[in-house]
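Chain letters run A, B, ... following the sequence lines, proteins first and then strands; every chain starts at 1.
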Amino acid sequence: MNTCSTRVGADVVDSSRRLAMQATSSLGLFSALVSIGMLTPGTAAAQAFNNAAFQAKGIVDTMKALGAAGAIESKDVIITASDIAENGAVVPVGIRSALPKTEMLALIVEKNPNGLAGAYDILDGADAEVQMNIKMGQSSDIVALVKADGKFFIARKEIKVTLGGCGG
Amino acid sequence: MADPMKIRASFKDGGVDLRILMAHEMETGQRKDPAGKVVPAWHIQEVVAAVNGKPVIKAHWGPAISKNPFLRARIKAAKIGDKITVTWVDNKGDKRVDETTVA
């Protein structure tokens with residue numbers, strides 16, 4: 001079950017070898033491959049969101065995918081989370097923006113297999129404040145990204161995880 | 001269909017404190033089953049909260065959100081008696097809609 005560090009691609013190779021050895025159902029592999037490939041389409045109608053951002057790795061690439069390269073650090077972006085997470089499967093994180101005209105909040109975890117955990121469109125009527133539980137594979141920096149009045153701002157915080165979060 | 005959400009919407013300090021607890025596996029797509037096959041990702045992709053039918057916040061999620069996700073938001077444009085509707089859609093197209101009244 002220690003699959004935290006392995007990438008999906010490596011897993012597929014591994015499982016295909018295993019399946020060939022066992023000569024069990026190749027249908028299983030096929031459906032696994034389909035579902036990996038089918039992560040984004042199929043329900044695309046339900047989500048007009050930038051899927052590339054969810055595939056990106058690390059903070060820099062994720063910010064690029066969100067069109068937020070060159071975001072500047074701001075004291076008005078506030079991350080509420082404890083410094084140490086006992087359980088990486090459930091890490092409570094709150095993000096808040098005190099900037100006027102905040103349109104979007106997003107949370108990126110640097111060392112997760114895919115950086116972007118969640119993005120929130122703040123429409124008319126809601127405050128620029130959300131709180132959620134995220135998974136973290138290991139201790140890592142997290143970055144809160146805020147889009148306000150067309151510009152991007154970030155805040156950064158390190159969270160230490162004492163127990164990995166991939167096992168669920 | 002998935003289990004119902006638990007939604008609390010309470011009015012305090014001039015806005016509505018909205019707390020949502022969803023029942024969902026939120027499989028990451030990184031894990032392998034005992035046979036060594038990758039367990040495909042299965043997670044909520046989008047959550048929309050609406051006040052009296054008008055969307056106020058829209059969440060886009062990846063698989064890094066914890067199992068049985070919790071989401072808390074503040075809605076300044078709602079008051080006691082307003083109807084809050086929450087909808088989620090996962091990456092298999094499964095969907096759940098629940099609603100509550102601000103108290």
inquiry  = Minimum heavy-atom separation for B:Ser66 and A:Lys135, please, with both atom names.
reply    = CA-CE, 3.7 Å
key: Polar side-chain atom of B:Lys54 near backbone of A:Asp124 as donor-acceptor pair, under 3.5 Å   = yes
ask   = Same cluster for B:Phe11 and B:Ile75 if Ile/Leu/Val/Met/Phe/Trp/Tyr side chains link at under 4.5 Å?
value = yes
query = Would you say the side chain of B:Ile57 lies within less than 4.5 Å of the side chain of A:Ile122, judging by non-hydrogen atoms?
reply = yes
request  = Count the heavy-atom pairs under 4.5 Å between each of A:Gly125, A:Ala126, A:Gly118 and chain B, then report the option with the highest count.
outcome  = A:Gly125
Shortest non-hydrogen contact from B:Gly62 toward A:Phe54 = N-CE2, 3.0 Å
query = chain A heavy atoms under 4.5 Å from B:Pro55: which part of the residue, side chain, backbone, both or neither?
reply = both
message = Would you compute the distance between atom CE of A:Met132 and atom CD1 of B:Ile65 and round it to the nearest 0.5 angstrom?
response = 6.0 Å
query = Out of B:Val56, B:Ile20, B:Asn68, which one racks up the most heavy-atom pairs below 4.5 Å with chain A?
reply = B:Val56
remark   = CG (A:Asn133) and CE (B:Met26) are apart, to the nearest 0.5 Å, by 10.5 Å
ask   = Would A:Val60 and A:Val77 show up in the same hydrophobic cluster when neighbours are defined by side-chain heavy atoms closer than 4.5 Å?
value = no
A:Ile84-A:Ile142 co-clustered via ILVMFWY side chain contacts under 4.5 Å = no
Student check: side-chain heavy atoms of B:His60 and A:Leu116 closer than 4.5 Å = no
query = Counting only heavy atoms not in B:Lys76, do more than 12 fall under 6.0 Å of its NZ?
reply = yes
Cluster overlap A:Val130 with B:Leu21, hydrophobic side-chain contacts below 4.5 Å = no
key: SB check A:Asp127 B:Arg74 (cutoff 4.0 Å)   = yes
task = With a 4.5 Å cut-off on heavy-atom pairs, point out which of B:Ala73, B:Ala77, B:Ala64 contacts chain A the most.
result = B:Ala64
Single-linkage hydrophobic cluster, 4.5 Å side-chain cutoff, A:Leu107 and B:Phe70 together = no
Toward chain B, the part of A:Val109 with a non-hydrogen atom under 4.5 Å = neither
task = Report yes if the side chains of B:Leu71 and A:Gln131 come closer than 4.5 Å at any heavy-atom pair, otherwise no.
result = no
